[in-house]
Each structure stands twice: as structure tokens, then as C-alpha cells.
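Lettering of chains follows the sequences in order, A, B, ..., and the numbering in each one begins at 1.
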Amino acid sequence: MTVATQTQGGGYVDRGGGGGSSGLADVVELILDKGLVIDVFVRVSLVGIELLTIDARVVVASVDTFLRFAEATNRLDLYGEDKGGKDLAELTQGVTEGAAKGKTAGALDAAVDKVEEFLGGNRDSEDDEDRREPVRRKPRPRTRERER
Amino acid sequence: MTATYVYGLVPADAELPDDLVGLGPSGSVSVVAHEGVAAVVGDVPTDRPIGTRDDLVAHESVVDRIAAVTTVLPMRFPAVIEDSSVVEELLAPHHETFARGLEALEGTVQYTLKARYDTDVLLQEILEEDAGARELQERIRGKDSDAAYYDRVKLGELIVKALEKRREVDATDIVERIGEVAEAVSTTTPTEPEEVVNAAFLVRRDAAEEFENEVEELGGDTHEWLRLRLLGPLAPYDFVPRGEE
């Protein structure tokens, strides 16, 4: 089976297939966290895994999270001030393009980064910001409303 | 002892892809069958601890490539057992569980759907709707970050709450809509405010295309504010029988 790793047919969905074509973060989440566990398996020495699973589960709305979102909000605002009378569409689009998503990398990504440093590997492209669509000004439709 | 790596379990009569590459030094992958259930096994590196990126990817790749063609119960990484014990300690004593698990999952694959908000779009929306947020933003403006610390925390908290509130509605919407094509759904609680859905869908292999189209259509309808990532077809990681954890 070969499933394309990238979007097929110009769609809006980022695809990751089975069979080794997923990003490391996806793989980690699947095979370390899910799957069948039987008590007969022996303990083996592992590299990096303990560290990774612990970090990946650090969740919670912490002060750091709050500050991150305050920062993101502030960024939107500053951009608007600098440019003066831009309309909302331009404003949001500009920010979308200008803002590195790296700041909002998740806990799991961070954990993967950490382990990859340790393993000396390269990051897969879990994100692909290049293909982001420019946003438009109309309020986003809820899927439910759309269906009715 | 000689150790054996176990990737997963398949029906004994299953035909596996013949070019699977395992994580052991030989790379070989074979099966050990016992009364209708077979363990997919391979060798284990003896000169180093396992858990490298390549090891993880090899495990996933073996299991998911099998899933693409036949029913498989994937093991959690890492599953190492003594060579001599594959039948007598793994397959024989758990035969009933494995056979029932394989039967229950027959003809199905898993898709995992992850949806995240486009943060900037959502922030803009929240600011427009929430006068309190605008006021805080106003107060923070131009102040250095220490002076405005508490206002910043307050604003962030307000935004995070607003995101979580929206998520309740949006996540239900998405899972209900996509779940119509699935046999079962298993959702994982989001770990970040901008994460909307992290859900596994058990889908009949013959409905896989329909499922994919459904997700694609959802992507088209929501692309202005939602980022979708679809993994699959995968082994049914989220739907294996509960083992002893």
C-alpha cells in the first residue's frame, strides 16, 4: 500500500498514511500510547522513550499557556496598529502569513524535538504552513449550520 | 535468552505483504501461528537499546502495512518476548482474547483525525465578540510585559476559556458528522487550547473511500478556520481489546 504523505487532489486535508509515511509525532502517539499490552512482555532497555512519554502528557491550561495566547492576541493588535486602517481580512491574512506557527508548537512536538535532539534525527514535516489558505473576513461557518 | 519482537497479531491464514522490514538486525518479519492466530515477529537488536526513531517507524510501518491488507491487532511499542515463549506464554494463554479481538475488528481499519483551530482566525473572532477581551488588550497595549503581567494572564485565560467553549460545540459537530461513516469512534481529550479534535475512527475497509471523501469535504467546508490532518488507513490501535496495563 502506498498512501501519499501529502495532500492528494488539491484538497484541504493534510494526509499522513500508514506504512512509515507519518511524521514521528504521529507515530509516537500511536505506538507508544495505543495498541495491545500483554503482561508477558519483558522489560527491555530503551532510549529516550520514558522522557518522551512523560513530556507528551504534560497538558493543562497553565499560566504559560495563558501568556502564550495573550502574546498571540497582542501580536494581532500590533500588526493592525502599524499598518493603520487595514480591513479585517487584510489584517488577519497578514498575521496568518507573518506569524511563525512555531510559537504554538504543542507539548508533543516539543517532546519530539527533545528526543530528536537526543537521537540526532531530523524532524519530519508535521506542519506544512506553506499550503495554508488565506483567511477571509466572513465569520467562519459552523459545520452544523452549513449542513442545515 | 534469545529475544523476539512482536509487532502484532493476525489471523493465521492471513497473507502478509512479503517485503515487510522489521527493526532487528536481519530486518526480517515472519509469523508464528497457533490455532488460528498468528504473531507477527522478528529479531531484536542485541547490541543496543531499542527506541530510536528508526525502531519506532519500523514498528509502525510493519503494523500499518499489514493493516492495509488484512486485520491486525497492533502491539504497543516495545513488545519483546523470549523466543521460546511466543506460543506457550503469548498465543496459547491469550488465545480467546486474541481470536475475539481479531473477529471484532475483521474488515476494518483505523483513521485518526486531528483538527486544530487556525489560531489567528479564532483570536480575531473572540476579540470581536468579547468586549472584556478587547478592554484587556487595550490595557496591555504599550505597557512592558512586567507591568501588564496580570492583565496578560487574565487575557490569555479568557481566550483559552473562549476557545474551549467553542471547542465543545465544534468537536461534537465534527465527530458526529464524520462518525456517520464509521463503526466506532474513540476520542482523546485535547491537550492544547487550539486542538479541537483528536479522534480515532474505526472504518470498514470497503467504506474507506467514502470516509476519506467525507473528511475531505469537511476540510473544504472549514478550511478558513480549521486545520485538518488525517492519518490512515492505520491498524486499529485505539480499538484493540483492553490488555493488562
Side-chain angles (χ1 to χ4, degrees), chain A residues 1 11-20 22 24 26-28 30-32 34-42 44-49 59 61 63 65-70 72-74 76-77 88 92 95-96 99 104 106-107 116 119 121 133 135-136 139-144 146-147, chain B residues 49-53 56-57 59-61 64-65 67-68 73-81 89-90 94 119-121 123-124 137 140-141 152-153 155-157 159-160 173-174 177 191-194 215-216 219-225 228-234 237-238 240 243-245:
Chain A
M1 175 206 65
Y12 291 109
V13 180
D14 178 27
R15 294 293 307 267
S22 310
L24 184 63
D26 295 323
V27 171
V28 162
L30 288 171
I31 73 174
L32 293 185
K34 316 278 169 65
L36 194 56
V37 185
I38 306 292
D39 59 1
V40 297
F41 293 125
V42 298
V44 290
S45 40
L46 296 172
V47 238
I49 299 301
V59 191
V63 168
T65 310
F66 297 156
L67 290 174
R68 174 161 71 86
F69 278 93
T73 312
N74 220 21
L76 281 181
D77 181 53
L88 185 56
T92 352
V95 171
T96 304
T104 58
E116 293 215 346
L119 299 178
E133 293 294 318
V135 293
R136 288 200 271 124
R140 67 208 172 86
R142 303 270 167 184
T143 72
R144 189 171 282 165
R146 189 210 61 84
E147 282 185 307
Chain B
I50 59 172
T52 63
R53 173 197 188 86
L56 299 171
V57 170
H59 177 113
E60 184 267 345
S61 176
D64 286 336
R65 289 198 53 216
L73 295 181
M75 291 297 174
R76 183 176 302 190
F77 185 96
V80 177
I81 189 171
E89 284 184 37
L90 180 66
H94 301 93
T119 315
D120 291 331
V121 176
L123 288 181
Q124 198 68 53
Q137 191 198 26
I140 291 164
R141 178 179 301 167
R152 275 152 43 91
V153 172
L155 174 61
E157 185 175 10
I159 300 264
V160 167
D173 264 11
I174 292 164
R177 177 167 163 182
T191 57
E192 291 175 84
E194 61 268 70
V215 174
E216 198 61 57
D221 292 344
T222 57
H223 71 96
E224 287 173 10
W225 54 279
L228 295 185
R229 178 158 169 76
L230 181 67
L231 307 178
L234 305 167
Y237 298 93
D238 287 70
V240 296
E244 310 92 44
E245 297 206 16

So, for [X] and [Y], which heavy atoms are closest and what is the spacing to 0.1 Å?
X: A:L32; Y: B:L56; value: CD2-CD2, 4.1 Å
X: B:P193; Y: A:R68; value: CD-NH2, 4.2 Å
X: A:K34; Y: B:D238; value: NZ-OD2, 3.0 Å
X: B:V240; Y: A:L36; value: CG2-N, 3.7 Å
X: B:R229; Y: A:D14; value: NH1-OD2, 2.7 Å
X: B:R76; Y: A:V37; value: NE-CG2, 3.3 Å

For residues [X] and [Y], determine if any side-chain heavy atom of one lies less than 4.5 Å from a side-chain heavy atom of the other.
X: A:F41; Y: B:M75; result: yes
X: A:Y12; Y: B:L228; result: no
X: B:L123; Y: A:F69; result: yes

If I take atom [atom1] from residue [X] and atom [atom2] from residue [Y], how far apart are they, to the nearest 0.5 angstrom?
X: A:N74; Y: B:I140; atom1: CG; atom2: CD1; result: 6.0 Å
X: A:L30; Y: B:L234; atom1: CG; atom2: CG; result: 5.5 Å
X: B:Q124; Y: A:L76; atom1: CD; atom2: CG; result: 5.0 Å

Checklist entry - Can you say whether B:L73 sits under 4.5 Å from chain A via the side chain, the backbone, both, or neither, judging by heavy atoms? => result side chain

Next on the checklist: Tell me whether A:R15 contacts the main-chain N or O of B:G232 through its side chain, where contact means a donor paired with an acceptor under 3.5 Å.
Outcome noted: yes

Item to check | Audit row: A:D39, B:H94, side chain to side chain contact (heavy atoms under 4.5 Å, CB included) steps and yes/no | outcome: CA-CA 11 Å; A:D39 59 1; B:H94 301 93; 4.1 Å; yes

